[in-house]
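For clarity, every value in this text was computed on a predicted model and none was experimentally measured. Just so we're on the same page: letters track the sequence lines, and every chain starts at 1.
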Number of protein chains: 2
Amino acid sequence: MGGTKAKGLLGGERISEAEYAVMEALWARAPQSAAEVGEAVGGQRDWSLATVKTLLSRLVTKGALATEADGRRFLYTPLIERSDYVGGESRRLVDRLFGGRAAPLFAHLAEAEALSAEDIAEIESLLQELKQ
Amino acid sequence: MGGTKAKGLLGGERISEAEYAVMEALWARAPQSAAEVGEAVGGQRDWSLATVKTLLSRLVTKGALATEADGRRFLYTPLIERSDYVGGESRRLVDRLFGGRAAPLFAHLAEAEALSAEDIAEIESLLQELKQ
DNA sequence: CCGATACGATTACGGTTGTAAACTGAACGC
DNA sequence: GCGTTCAGTTTACAACCGTAATCGTATCGG
């Protein structure tokens with residue numbers, strides 16, 4: 001296989017949407033304690049701390065987070081990179097809905113006016129790079 | 001009320017992945033009977049006809065399919081457009097993972113080498129159109 | 001007419017998800 | 001020392017999902 005260092009997520013384990021919110025907090029800053037994560041996601045979702053703890057545990061079980069003891073509590077750190085997760089999800093969507101090709105997705109976004117002028121400029125310069 | 005023509009999917013109902021496979025069959029050709037849909041998806045998934053029927057029923061309940069009696073059986077027709085579904089899912093992904101901006105998604109796909117030369121050419125020409 | 005079929009509807013059942021309360025053990029204050 | 005507090009662990013529980021078997025009934029072949 002690739003040999004390039006295994007990256008978390010044992011088996012076909014997937015990260016659910018609620019779990020993803022927790023990962024976001026930890027990708028933004030790590031390590032963090034459960035309470036800190038609760039603080040961090042508090043703005044977006046209205047969860048009790050118990051809920052956050054459940055999600056953290058599940059993520060540890062899934063191999064998405066590592067724990068490091070800090071006195072009587074744990075500090076959590078992501079074991080998978082945000083870019084890996086994001087890349088995987090993107091690929092899944094492209095595969096499922098667009099036959100694996102990115103162009104139709106792009107066309108869709110364009111058609112739905114989901115592209116700002118800024119996006120267009122940015123993509124254009126990316127294209128330039130790719131062509132070299 | 002809105003008046004702007006409701007388009008299927010009552011409430012926040014979402015189409016699951018298995019259900020989506022059924023929708024695909026019906027987007028490809030409609031209307032179709034349960035048996036026909038079973039035939040159609042048979043290639044991809046190894047489902048029993050019972051499973052297909054369950055999925056069809058759930059989709060009807062969710063307001064994603066309409067039924068039309070044909071003798072003693074039903075013919076199913078999509079109530080939501082594929083492009084609406086696809087657009088919605090794409091938007092959800094872009095919102096969730098890329099802060100609503102398409103450029104980072106594009107950058108990701110590019111970086112992950114998910115773009116073929118063909119894709120690039122296609123996107124380039126789309127960009128040209130957009131710019132005028 | 002009557003049994004074999006073909007359909008949709010009902011029921012099933014284990015797994016995951018969202019959401020959280022209850023439990024348990026360690027540490028800290030007094 | 002001893003109760004309070006705080007942290008993680010266990011248990012809960014309904015909804016949704018994947019996957020299907022079973023049930024009830026209308027129809028078709030003979």
Query - B:Asp70 atom CG: more than 12 heavy-atom contacts under 6.0 Å - result: yes

At a cut-off of 3.5 Å, list every protein nitrogen or oxygen paired with a nitrogen or oxygen from nucleotides 6-12 of chain C, distance to 0.1 Å.
unit_1: C:dA6; atom_1: N3; unit_2: B:Arg72; atom_2: NH1; d: 3.4
unit_1: C:dG8; atom_1: OP1; unit_2: B:Phe74; atom_2: N; d: 3.0
unit_1: C:dG8; atom_1: N7; unit_2: B:Lys53; atom_2: NZ; d: 3.2

**Report entry** First encountered from the 5' end of DNA chain C, between A:Asp46 and A:Ile15
**Finding:** A:Ile15

Requested in this report: Grab the OH-C1' distance between A:Tyr20 and C:dT17 for me, whole Å please.
Outcome: 18 Å

Report task. Please name the pair of heavy atoms, one in A:Ser90 and one in B:Leu105, separated by the smallest distance, quoted to 0.1 Å. Result -> OG-CD1, 3.7 Å

Query raised in the report: Does the B:Thr51 side chain pair with the main chain of B:Trp47, one donor and one acceptor, at a distance under 3.5 Å?
Result: no

Requested in this report: Classify the angle between the aromatic ring planes of A:Tyr85 and A:Tyr20 as parallel (below 30°), tilted (30 to 60°) or perpendicular (above 60°).
Outcome: parallel

Report summary line: In whole angstroms, the gap separating P of C:dT19 from CG of A:Leu56 amounts to 15 Å

Query raised in the report: Counting only heavy atoms not in A:Gln128, do more than 12 sit closer than 6.0 Å to its CD atom?
Result: yes

**Report entry** Nearest-angstrom distance from the residue atom CZ of A:Arg45 to P of C:dT19
**Finding:** 7 Å

Requested in this report: Taking only Lys NZ, Arg NE, NH1 and NH2, and the carboxylate oxygens of Asp or Glu, determine whether A:Glu89 and B:Arg92 approach each other closer than 4.0 Å.
Outcome: no

Query raised in the report: With the threshold set at 4.0 Å, does a side-chain nitrogen-carboxylate oxygen contact exist between A:Glu122 and B:Arg101?
Result: yes

Query raised in the report: Checking all strands, does A:Ser48 fall into the base, sugar-phosphate, or nothing category for heavy-atom contacts under 4.0 angstrom?
Result: sugar-phosphate

Requested in this report: Keeping the roles fixed (side chain from B:Lys62, backbone from B:Ile15), state whether a donor-acceptor pair exists under 3.5 Å.
Outcome: no

**Report entry** Outermost nucleotides of DNA chain D that come under 4.0 Å of a non-hydrogen atom of chain A
**Finding:** D:dC6 to D:dA12

Query raised in the report: 5'-most contact on DNA chain C: A:Thr51 or A:Arg14, nearest heavy atom basis?
Result: A:Arg14

